[in-house]
Protein chains: 2
Amino acid sequence: MANIRDLAKEAGVSVATVSRVLNGYPYVSEEKRKAVWEAAQKLQYVKNIQAVHLAKGRTAIVGVMLPYIHHPYFSAVIEGISKEALRYGYQLLLFQTNYEVERELEALERLRMKQMDGLIVCSHEVDWEAFAAYQEDGPIVLCEQVERYDFFTVYIDHYQAFVQALRYLIKKGHRRIGYCIGRMTGPNSQARAGAYQDVLREVGVLPRRQWVFDGCLFLEDGKRVMEQWIAMEERPSALLVTSDQVAAGIVLHARRIGVRIPDELAVIGFDNDPLAEMLGITTVALPHFTLGERAFRLLHHWLETGRVARKQEELPARLLVRDTA
Amino acid sequence: MANIRDLAKEAGVSVATVSRVLNGYPYVSEEKRKAVWEAAQKLQYVKNIQAVHLAKGRTAIVGVMLPYIHHPYFSAVIEGISKEALRYGYQLLLFQTNYEVERELEALERLRMKQMDGLIVCSHEVDWEAFAAYQEDGPIVLCEQVERYDFFTVYIDHYQAFVQALRYLIKKGHRRIGYCIGRMTGPNSQARAGAYQDVLREVGVLPRRQWVFDGCLFLEDGKRVMEQWIAMEERPSALLVTSDQVAAGIVLHARRIGVRIPDELAVIGFDNDPLAEMLGITTVALPHFTLGERAFRLLHHWLETGRVARKQEELPARLLVRDTA
DNA sequence: TTGTACGCGTTATCAT
DNA sequence: ATGATAACGCGTACAA
């Protein structure tokens, strides 16, 4: 494998001139420029990108931390990130964590080791303190609302999104309201739990723990929820479901077992997944793709200019009323 | 940022010894070992991974080329790859191509530049010749059946899978059979087209071009297909649909507009997506997750040992009969 | 416009 | 066991 020293020798110039030609810098005579390109051709020269990274101290690589990929939510976010990364000539290094703290810390260590220029965190388990500890190692963008820390964040106000949906249900006369959620930890889930408590209290209704369904991520979970629901002595009359996949599972299984929706059970999903549209599921549209896009742009702008208009960016959520609530 | 030279000075040893300690090599006195670790602690030493990559000539990074991520098929494959990569301490560098040849070539160039140790190609547009041209730059694993070239491949025999489904339909008495496909190019699509031609000819039926629906990737496409179907003068009585998402779109829209499935239209999907199970869609189960897993393992085994049991691996597909055909 | 020489941070080799 | 020194390959002040 030829390197620039070999090229220099072959072309009869210095390595500096080779570098200048290869990277399109001015102040090189047409003659030598040509000689270098010819030498490159002849010796089948290929740049070693690792050496470039080491010499420049930058990689044009952005890390993406996320628990899993095979989920409509995360794959939408990463698609948004990817689109922008492509546009600006950046590459994406994947850190799948399965929400294991150890893996999350590994990703942060990689940032510290300068494997990438920055990191986008789609979701995580580890405390915010951990991110704070790595802030000087490179820009980190979180895809969630963060309090008490001055992180870069792009987020959806899940509290307001939940309030919006809950108010709608209450206005429709519902009082026995439950919800399905992916996992109980994490700021998004906390925000939703808070909204649930607050709004129900406003109308003097006691929140019930058994009407909160945890571990709802995929279509199949909707079926499970429906089976639990049908077996209950006291059933909620309405469910907020933080994933349209799960909502679809509920609606489809309800049809199968003859539960009338929304009469017996009203359902509001989240995401505005194509599946929700197809099934006529009332949903809170969440801009996942845009979230990824903006997260990358924020990071990119910081990397290129060293400053940003604002470190936090909020994205809107809006209720789309269809047939299920 | 302290480097190993700083550590060497601080600990009063040579850089070689520092490196030995840091990487756990033997032949270092307990005393110096301790001194190095203390120096590392004191100077907050962090390894620069770029320098390691350059020095070792390897990165423990594997590239993944795929057209888009936000699709059940590809996100399943990548999940399989990712799981195995995690297990063996490798990282994944994403190359989203949108099936643009230029981007695909860019990924191959990156392999040549030694940015990664190997490349897994989930799907592509560019000719096989292109891959052949990069074979010496690092192992490339293709996720499709390849003829005439001696590539590493892990694949599903889509010809047989299609034959299987077609024979089933024919046995059920269908003669007017069409199919939906993601795109017309690509070896998988070619294999399917071949199977379609061959099997129909076997039973003396002419394949019809207007019963082949192209561009079928997402749920919404199923709706479109159903609308086209209903508008046809001569309609197929059965459809093979190479994505359960699309099949689901067909089935759901059929329900809505009152088309009886399978009586008026039989549908066989592909993938065995959870959605297909939930909707009772007859489908050909395809092991996408396993495909990714095996692709990585093949690559990994080659990288670590320089040889493999066999360069090609075929994965089975099997028909799951449910209610739609 | 061009070249020299050094820096980037680590690993590997060889001599002791 | 340990150290000096040479790779690894490129970018870039600085001098000319």
Side-chain angles (χ1 to χ4, degrees), chain A residues 1-40 43-61 109-117 137-138, chain B residues 1-40 43-61 109-117 137-138:
Chain A
M1 290 263 78
N3 58 32
I4 57 171
R5 255 182 301 274
D6 300 327
L7 287 200
K9 197 173 294 176
E10 174 72 25
V13 301
S14 71
V15 290
T17 298
V18 173
S19 179
R20 289 192 191 100
V21 172
L22 260 32
N23 297 300
Y25 285 104
Y27 306 129
V28 179
S29 71
E30 208 46 55
E31 184 185 14
K32 305 216 166 186
R33 201 176 284 280
K34 197 177 151 210
V36 169
W37 282 121
E38 278 172 1
L43 302 184
Q44 305 243 53
Y45 172 76
V46 179
K47 199 185 276 228
N48 182 321
I49 202 80
Q50 299 168 11
V52 176
H53 289 167
L54 178 59
K56 299 179 81 145
R58 306 196 327 113
T59 58
I61 293 175
E109 277 301 321
R110 291 292 175 151
L111 180 65
R112 181 164 280 176
M113 293 190 227
K114 303 196 175 299
Q115 182 162 24
M116 53 232 187
D117 297 340
D137 299 308
Chain B
M1 291 260 82
N3 59 29
I4 58 170
R5 254 181 298 275
D6 300 327
L7 288 199
K9 196 172 293 176
E10 175 73 23
V13 299
S14 71
V15 291
T17 297
V18 173
S19 181
R20 288 192 190 98
V21 174
L22 260 30
N23 297 299
Y25 286 105
Y27 306 130
V28 180
S29 71
E30 208 45 56
E31 185 187 14
K32 302 213 169 186
R33 201 175 284 280
K34 199 178 148 209
V36 169
W37 281 121
E38 279 171 0
L43 302 184
Q44 304 243 53
Y45 171 77
V46 179
K47 195 184 277 226
N48 182 320
I49 203 80
Q50 299 169 9
V52 176
H53 289 168
L54 177 59
K56 297 179 87 142
R58 305 194 327 111
T59 59
I61 293 175
E109 277 301 321
R110 292 290 175 152
L111 179 66
R112 180 164 278 175
M113 293 189 225
K114 301 196 176 302
Q115 183 163 26
M116 55 230 184
D117 297 340
D137 300 309

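Convention: sequence-line order gives letters A, B, ...; per-chain numbering from 1. Treat the numbers as computed from the prediction; the structure is a model and nothing was measured.
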* To do: Decide yes or no on side chain to side chain contact (heavy atoms under 4.5 Å, CB included) for B:Met116 and B:Arg110, but give the supporting numbers first.
  => CA-CA 7 Å; B:Met116 55 230 184; B:Arg110 292 290 175 152; 4.1 Å; yes
Protein-nucleotide distance ([X], atom [atom1]; [N], atom [atom2]), rounded to Å:
{"X": "B:Tyr27", "N": "C:dT16", "atom1": "OH", "atom2": "C1'", "answer": "16 Å"}
{"X": "B:Lys9", "N": "C:dG9", "atom1": "NZ", "atom2": "C1'", "answer": "14 Å"}
{"X": "A:His53", "N": "C:dT10", "atom1": "NE2", "atom2": "C1'", "answer": "17 Å"}
{"X": "A:Glu31", "N": "C:dT1", "atom1": "CD", "atom2": "P", "answer": "12 Å"}
{"X": "B:Arg58", "N": "C:dT11", "atom1": "CZ", "atom2": "C1'", "answer": "13 Å"}

* Asked: For B:Lys47 and B:Asn3, does a side-chain donor sit closer than 3.5 Å to a side-chain acceptor?
  ->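 No pair is found: no donor N or O on one side chain lies under 3.5 Å from an acceptor on the other.
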* For B:Ala60, does its backbone N or O pair with a side-chain atom of B:Asp117 as donor and acceptor, under 3.5 Å? ->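 Yes; at least one donor-acceptor contact below 3.5 Å.
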* side-chain contact (heavy atoms from CB on, under 4.5 Å) involving B:Arg33 - partner list, sequence neighbours excluded ->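 B:Arg33 satisfies side-chain contact (heavy atoms from CB on, under 4.5 Å) with B:Val21, B:Val28, B:Glu30, B:Trp37 only.
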* **A:Asp137 side, atom CG; A:Gln115 side, atom CD - distance, nearest 0.5 Å** =>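 Atom-to-atom, A:Asp137:CG and A:Gln115:CD are 13.5 Å apart.
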* Report the distance from atom CE of B:Met1 to atom CG of B:Leu43, rounding to the nearest 0.5 Å. =>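 Output value for this atom pair is 10.0 Å.
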* Asked: How does protein contact run along nucleotides 9-16 of chain D, one letter per nucleotide 5' to 3', with B for base contact, S for sugar-phosphate only, - for none, heavy atoms under 4.0 Å?
  -> BBSB----
